Amino acid sequence: MIKLHQFARTWGIPNLSHFCCKLETYLRLTQIPYEVVESMPPKAPKGKLPFIEDGNKKIADSDLIIQHLIQAYGDKLDADLSPAQKATSLAMQRLLEDHLFWITMYTRWQYSDENWQVNKKAIFHTFPLFIRDIVAGVFRILIRRQIYGQGIGRHTSEEIFQLGRDDLDALSNYLADKPYFMGDKPTNLDATAFGFLINTLGCPIESPVKEYARRKPNLVDYCQRIMSEYYPELDAASNP
Ligand SMILES: N[C@@H](CCC(=O)N[C@@H](CS)C(=O)NCC(=O)O)C(=O)O
């Protein structure tokens with residue numbers, strides 16, 4: 001059976017990592033059997049989670065893992081999409097993964113000390129007390145460098161949140177009143193969209209971006225529906 005290496009569950013959502021949540025949601029949407037192994041990035045082949053073990057193969061990166069799963073199990077979600085729909089789906093995934101993701105990273109690792117404390121506790125609480133702050137501090141420096149390197153970290157917080165609101169407007173307008181992003185049935189884009197939206201709306205990291213997302217009823221309803229349909233074991237009280 002596939003072993004999914006990801007961060008331990010916390011915050012009542014599937015995973016505090018957008019990418020881990022994307023991959024686990026893909027596995028649930030496709031009903032591919034898997035077991036979870038709790039892990040941390042230094043153990044991963046490319047230094048980032050998630051990764052999977054399939055037999056004696058280790059594969060890192062959610063997109064490359066999904067490509068592997070499609071080869072092994074068939075394209076269970078996107079086979080009926082037209083080339084134009086596939087192009088739109090890919091563009092939306094890039095918006096979520098290469099833009100909105102960094103805005104939410106900024107809210108966790110940089111924006112406010114309250115958020116940093118919540119984030120630090122969630123990720124590093126298993127470390128022995130005497131090294132916890134040092135390890136967390138080193139990771140904080142490294143991640144803040146990534147946010148700056150990507151470019152988002154060079155803006156003011158007001159500029160960053162405006163960019164985030166633009167992403168949420170695009171997502172909400174595109175979803176409109178459809179049950180899933182591409183229509184009546186879930187597709188690959190929903191694995192990504194849920195993973196990133198629940199990590200904006202459903203976690204205890206406060207910011208103007210989260211407040212804005214909470215005022216989009218279709219995005220809130222979308223997350224609640226996927227939570228209750230695909231993660232029924234998670235506490236309904238922590239749904240967005
Ligand atoms: N492109 C990768 C991105 C994975 C990623 O950014 N993972 C983050 C957690 S959300 C990570 O492990 N970061 C650790 C680090 O950068 O040191 C994927 O699709 O899996």
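Both ligands and their constituent atoms are indexed starting at 1 by order of listing. For clarity, every value in this text was computed on a predicted model and none was experimentally measured.
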Quiz item: For atom CG of Asp184, is the number of surrounding heavy atoms from other residues, nucleotides or ligands below 6.0 Å larger than 12?
Solution: no

Exercise. Would you indicate whether Tyr73, at its atom OH, is surrounded by more than 12 heavy atoms from other residues, nucleotides or ligands within a distance under 6.0 Å?
Key: yes

List, for ligand 1, each N/O atom that has a protein N/O partner under 3.5 Å away, with both atom names and the distance.
unit_1	atom_1	unit_2	atom_2	d
ligand 1	1 (N)	Asp61	OD2	2.8
ligand 1	7 (N)	Leu49	O	2.8
ligand 1	12 (O)	Leu49	N	2.8
ligand 1	16 (O)	Lys48	NZ	3.1
ligand 1	16 (O)	Gln146	NE2	3.0
ligand 1	19 (O)	Ser62	N	3.2
ligand 1	19 (O)	Ser62	OG	2.6
ligand 1	20 (O)	Ser62	N	2.8

Self-check item: Residues, nucleotides or ligands: over 12 heavy atoms within 6.0 Å of Gln71 CD
Solution: no

Check residues 83-92 and write down every donor-acceptor pair under 3.5 Å in which the side-chain atom is one partner and the other belongs to a residue at least two apart or another chain.
unit_1	atom_1	unit_2	atom_2	d
Gln85	OE1	Ser82	N	2.9
Thr88	OG1	Ala84	O	3.1
Ser89	OG	Gln93	NE2	3.1

Exercise. Take atom CZ of Arg145 as the centre, draw a 6.0 Å sphere, and report whether it contains more than 12 heavy atoms from other residues, nucleotides or ligands.
Key: no

Practice problem: Report yes if the distance between the aromatic ring centroids of Phe194 and Tyr230 is under 6.0 Å, otherwise no. | Solution: no

